[in-house]
Amino acid sequence: MTRTRSSESDEDSSPTTTGGGGGRGRTEMRVIVPLQGVVQGRGGLVLGSVIPCALFYLLQLYFKRHRSEPTPPPQTLTEVSELNRSLSRTHLSPRGSSAPACVSTRANSIVKSSDSPFYVGLKRVSEDPYDELSNPEGVIQLGLAENKLSLDLARDWLAETAKDSILSGGGSSGPLSMAGIANYQASDGLVELKVAVAGFMSQVMERSISFNPSQIVLTAGATPAIEILSFCLADTGNAFLVPTPYYPSFDRDLKWRTGVEIIPVPCRSADNFNLSISALDLAFDQGKKRGLKVRGIVISNPSNPVGNLLNRETIYTLVDFAREKNIHIISNEIFAGSTHGSEEFVSMAEIIDSEDLDRDRVHIVYGLSKDLCLPGFKVGVIYSSNENVLAAAKKLSRFSSISAPTQCLVISMLSDIRFIQKFIQTNRERLQRMYTKFVAGLKQLGIECMRSSGGFYCWADMRGLIRSYSEKGELELWNKLLNIAKINVTPGSSCHCIEPGWFHCCFTTLTEQDISVVMERIRKVSETCKSPR
Amino acid sequence: MRLIVPLQGVVQGRGGLILGSIIPGALYYFFQLYLKRCRSAKPNSNPPSPSSSSAQLADLSRSSSRSNLSSRGSVGPVRVSARANSIAKPNASPYYIGLEMASEDPYDRFDNPDGIMQLGLSENRLSLDLIETWILENLERSMIGGADGHLNISGIATYQPLDGMMEMKIAVAGFMSQVMGTTVSFDPSRLVLTSGATPAIETLCFCLADQGNAFLVPTPYYPGFDRDMKWRTGVELIPVHCRSSDNFALSVTALDQAFNQARKRGQKVRGILISNPSNPIGNMLNKETLYSLLDFAREKNIHIISDEIFAGSTYGSEEFVSMAEILESEDFDKNRVHIIYGLSKDLSLPGFRVGVIYSFNTSVLAAAKKLARFSSVSAPTQRILISMLSDTRFIQRYIETTRERIKKMYVAFAAGLKQLGIECTKSSAGLYCWADMSGLIRPYNEKGELELWDKLLKIGKINITPGSACHCIEPGWFRCCFTMLAEEDIPVVIKRIQRVVET
């Protein structure tokens with residue numbers, strides 16, 4: 001009743017609302033509502049407002065239903081030609097043909113997503129690859145993190161043992177077992193391979209950490225391993241914090257099908273591109289303000305594209321940060337064995353090894369593409385001690401399992417301890433030598449690289465060569481390098497680096513003689529860049 | 001007469017008729033909107049109970065992290081995503097429970113004669129000897145390749161196209177034409193290779209439907225579809241029931257009905273998923289049905305996914321007709337048809353994990369090629385298969401022999417069941433038969449069916465798939481795969497069934 005009273009006083013103060021001017025003098029005011037005849041008296045207060053509301057709500061519901069009906073976007077109409085078969089005539093609807101079937105919105109965005117310079121460069125190389133003898137004018141590949149330095153070792157081993165290892169099902173001297181390779185196998189990998197991979201991981205990481213084979217899920221490459229973890233740790237619309245510069249394909253692996261967002265956490269050259277917790281904290285809060293639920297941090301250690309390692313102090317701070325915010329950590333350690341400096345690599349597995357609650361939030365991605373130089377084999381690893389993640393990942397591995405012949409091949413390769421030992425050692429030496437030569441070559445041209453101790457690449461500072469200190473200037477230089485000098489490097493902007501002028505150069509697909517060719521080609525471009533200044 | 005409404009003072013006179021109902025309506029609408037916002041902003045309810053029971057956070061002995069330790073203290077165990085939680089739950093379907101039990105205690109004539117016999121997995125082990133012989137003779141050559149006998153390491157160790165090597169696509173396209181036994185030819189550039197047919201189906205599902213969209217699927221269907229089509233894609237499956245009175249053949253009226261019902265529920269149907277030859281029944285779609293399916297799809301403007309993974313495993317007199325053949329022979333809108341294939345069934349190599357997407361739609365192909373990064377076939381396997389599939393004489397002999405052997409097993413197995421009074425539907429393809437055990441179940445419902453399944457598994461020690469796992473609407477049907485057995489196993493199976501039936 002207070003309401004009526006107050007509205008009466010409203011009426012006094014606002015004399016303009018009435019129509020026709022007749023209502024002013026009346027003592028009894030009348031309001032017409034649609035349900036006049038039905039709702040009268042005191043109950044009208046409630047029913048008179050509830051019933052129209054309900055009607056309105058139902059109307060809304062009705063509209064909603066109708067709106068969601070398929071409305072195929074008008075595309076180019078294909079003509080439906082004369083139907084000359086008799087069989088289907090009877091079923092032909094009089095409504096006739098409709099527009100061509102459209103694909104899903106997510107497929108459309110995947111198709112349309114413009115390729116970043118990273119992918120454009122890779123494509124260019126694959127169309128016109130450099131070869132010292134047969135195509136000396138081709139494009140030299142420095143954009144793909146692939147190690148060809150030790151392929152000869154793998155080749156010699158395969159040539160000797162491939163047949164026996166496949167036919168024996170991976171065992172060293174078992175009887176021929178077709179069933180071991182032809183039949184259905186566990187989709188998350190053979191137990192023997194898990195044991196072998198766990199052994200390889202401890203060997204590569206050069207520490208006393210032992211990996212528990214039952215905490216391993218094997219996938220067809222590290223790419224699906226990352227995607228599966230993204231599916232398991234975050235729901236559509238959630239986000240991960242990722243320090244930049246980061247590996248360009250994370251934008252595909254973490255986001256495409258999962259619907260997860262990436263919040264970049266910028267690292268700067270002033271800090272040697274080291275990760276700072278304050279930047280993480282800032283990004284976390286900003287994400288929160290934007291209404292994004294942050295579910296984890298994704299780090300690469302050794303970092304790709306910079307090549308530096310996280311020290312123990314930073315790792316513990318990261319874990320503390322993750323605990324404080326109650327989020328996960330995905331640690332991509334795919335380059336763990338490809339270190340070439342004196343610095344020590346520390347794996348997140350140390351955290352998993354510990355006994356406290358934190359081990360449930362740490363998940364490691366590994367693979368044999370980099371450290372064993374076998375990207376064609378497509379073997380990836382998820383290592384976690386979170387039971388829910390393991391259970392889900394094992395079931396999801398049905399979508400990306402490794403074929404059995406490959407598993408057998410890898411089992412016997414990894415079980416050959418002497419070969420592996422020699423391989424790791426030789427590979428490190430070769431990596432170190434190439435790194436030193438390549439960096440020295442760049443230095444002669446006045447290009448400095450960030451000090452790095454892991455990975456197949458160096459992170460080169462070409463700020464001096466770009467004309468305008470911006471992303472545009474960087475891409476201009478990239479374009480010149482690709483199309484004039486014919487070398488494909490990855491510009492920092494593809495890695496979401498916030499400072500322009502940094503380039504990712506992989507040197508492990510080259511031979512030693514190629515280095516001088518690369519340097520000569522860069523020199524040509526750098527001279528044209530410097531001249532106008 | 002007085003009527004009191006909330007907006008008495010504001011809306012009066014003639015305008016009150018309209019405003020008096022619109023304004024409260026609008027207020028109510030905004031209120032709804034507000035409620036909805038608030039609801040979705042709330043964090044996920046019912047957190048999964050921590051599996052690690054009360055792990056203490058205490059005793060932090062390391063010093064480096066002390067300084068950063070927040071004063072707010074520790075939080076509970078970290079949670080996984082809601083979708084992972086629902087996936088991580090233990091298997092509920094008898095299909096997976098049976099597979100698991102059989103793999104834990106597998107029957108072996110000599111080593112484990114009391115083990116569980118596997119009739120739940122459609123895997124063909126009848127022709128492994130042929131594959132074995134070929135591999136023994138040719139493995140070295142196929143892996144090492146090259147006429148000079150020099151191992152071409154960069155052909156297997158380095159990065160390869162994610163959607164399969166071109167040589168492999170050509171070889172697979174050739175094999176498909178050979179298997180389908182007709183004049184239809186497959187264009188290698190329309191192939192995308194994946195690590196098994198499972199990711200091929202999932203990839204197509206991602207490409208054709210968005211979250212919340214639906215596919216029509218005739219029942220009974222392969223139990224794995226519930227994982228492949230739905231888990232990560234967020235797509236729904238609408239069952240379209242086929243009945244024993246029609247020999248479980250697909251009817252377009254049932255499709256139409258299901259389509260309209262879904263529409264009424266507000267679901268957007270994006271396609272039909274058919275298996276041809278059907279799994280679990282083993283019958284095939286004839287030309288007439290394929291035509292009417294295509295017409296139906298055009299009328300509703302939806303896609304067709306045709307799973308033809310058993311195309312070569314036929315043994316009847318009936319002829320298999322591929323969707324590709326129909327499309328080639330007449331002028332249809334090819335853009336809406338997508339074929340799934342693989343080497344797991346027809347080449348008996350499920351361990352090799354090779355699946356195929358064959359599509360006429362350029363957008364689907366472009367997207368599927370990019371998505372192949374998540375399920376590539378490893379290079380050594382591709383090398384072996386390239387030379388195996390290119391050995392046309394071997395393949396020809398292999399296909400013929402396998403067909404004969406499947407046929408022999410089918411006849412022997414169905415005859416064995418018949419002796420027990422169990423009839424199978426007439427089938428002409430696949431590695432299984434669809435047996436009618438409705439006379440053996442009591443009560444006549446899903447519960448009775450699962451009781452019989454349980455008895456067969458635990459007492460009879462044979463694992464077969466109950467119809468309910470395939471979403472069959474009639475109880476009492478079971479799928480029995482017979483290609484995992486040796487011929488001498490059949491009497492054992494029949495005896496075991498008999499023992500259960502008699503109790």
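All chains are named by letter (A, B, ...) in the order of the sequence lines, taking the proteins before the strands, and each is independently numbered beginning at 1. What you see is a predicted model; the values in this text were computed from it and never measured.
- Contact between A:I228 and B:R232 at its shortest, heavy atoms only, is CG1-NH1, 3.8 Å.
- A side-chain N or O of B:T381 and one of A:T406 form a donor-acceptor pair less than 3.5 Å apart.
- A donor-acceptor contact shorter than 3.5 Å is absent between the side chain of A:D235 and the backbone of B:S81.
- The aromatic rings of B:F374 and A:W256 sit perpendicular to each other, their planes meeting at more than 60°, with 30° as the lower class boundary.
- For A:V410, no part lies near chain B; criterion is any non-hydrogen pair under 4.5 Å.
- Taking every heavy atom of both residues into account, B:A88 and A:A392 meet most closely at CB-N, 3.9 Å.
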Would you please test B:L349 and A:I181 for side-chain contact (heavy atoms from CB on, under 4.5 Å) and show each step? CA-CA 8 Å; B:L349 291 177; A:I181 61 169; over 6 Å; no
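- Inter-residue side-chain proximity for A:L396 and B:E202 is flagged as unmet; no heavy-atom pair is nearer than 4.5 Å.
- For B:L385, no part lies under 4.5 angstrom from a heavy atom of chain A.
- At distances below 3.5 Å, at least one donor-acceptor pair connects side-chain atoms of A:R106 with backbone N or O atoms of B:A209.
- Ranked by heavy-atom pairs shorter than 4.5 Å toward chain B, the options A:D253, A:D152, A:L390, A:I402 are led by A:D253.
- The two residues B:Y159 and A:S369 make their nearest non-hydrogen contact at OH-CB, 4.2 Å.
- Of all heavy-atom pairs between B:S378 and A:K378, the closest is CA-CG, 4.1 Å.
- Using a 4.5 Å heavy-atom cutoff, the side chains of A:N183 and B:L128 are in contact.
- In this structure, the portion of A:K148 lying under 4.5 Å from any heavy atom of chain B is its side chain and not its backbone.
- Note: B:R125 leads B:Q160, B:K89, B:R125, B:M484 in heavy-atom pairs under 4.5 Å with chain A.
- Under the 4.5 Å side-chain criterion, counting only non-hydrogen atoms from C-beta, B:V80 is not in contact with A:R361.
- For B:R83 (side chain) and A:F231 (main-chain N/O), a donor-acceptor pair under 3.5 Å exists by modelled atom type.
- Both the backbone and the side chain of B:Q211 come within less than 4.5 Å of a heavy atom in chain A.
- Residue contact with chain B, scored on non-hydrogen atoms closer than 4.5 Å, involves the backbone and the side chain of A:T236 alike.
- With chain B as partner, the option from A:A391, A:G221, A:P405, A:A220 having the largest number of non-hydrogen pairs under 4.5 angstrom is A:P405.
- Using a 4.5 Å heavy-atom threshold, the side chains of A:F399 and B:S375 count as separate.
- For A:S230, the part lying near chain B is the backbone, with the side chain staying farther off; criterion is any non-hydrogen pair under 4.5 Å.
- Side chain of B:K370 to backbone of A:I110: a donor-acceptor contact under 3.5 angstrom is found.
- Partners of B:R270 under the salt bridge (Lys or Arg N to Asp or Glu O under 4.0 Å) rule, at least two apart in sequence or in another chain, do not exist in this structure.
- You'll find the side chain of A:V111 stays beyond 4.5 Å of the side chain of B:T362, heavy atoms only.
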Assess the residue pair B:C207 and A:V103 against the criterion (side-chain contact (heavy atoms from CB on, under 4.5 Å)); give the C-alpha distance rounded to whole Å, side-chain angles, the decisive distance to 0.1 Å, and a yes or no. CA-CA 6 Å; B:C207 292; A:V103 300; 5.5 Å; no
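- Between the side chain of A:S104 and the backbone N or O of B:F206 there is at least one donor-acceptor pair closer than 3.5 Å.
- Contacts with chain A were tallied for B:T198, B:L347, B:N213; B:T198 has the most, counting heavy-atom pairs under 4.5 Å.
- The backbone N or O of B:R227 sits nowhere less than 3.5 Å from a side-chain atom of A:K395 that would complete a donor-acceptor pair.
- With a 4.5 Å cut-off on non-hydrogen atoms, A:C232 touches chain B through its backbone and its side chain both.
- Between A:S249 and B:R373 there is a side-chain heavy-atom pair separated by less than 4.5 Å.
- Ranked by heavy-atom pairs under 4.5 Å with chain B, the first of A:T105, A:V379, A:L144, A:T219 is A:T105.
- With a 4.5 angstrom heavy-atom cutoff, B:P161 does not touch chain A via any of its atoms.
- Listed options A:I226, A:T258, A:N238, A:I327 were ranked by heavy-atom pairs under 4.5 angstrom with chain B; first place goes to A:T258.
- For chain A, the nearby part of B:L121 is the side chain; its heavy atoms alone come within less than 4.5 Å.
- A distance-only check finds no donor-acceptor pair linking the side chain of A:D360 to the backbone of B:P77 [under 3.5 Å].
- Taking 4.5 Å as the limit, some side-chain heavy atom of B:T158 sits within range of a side-chain heavy atom of A:L151.
- The backbone N or O of B:R79 lies less than 3.5 Å from a partner atom in the side chain of A:R295, making a donor-acceptor pair.
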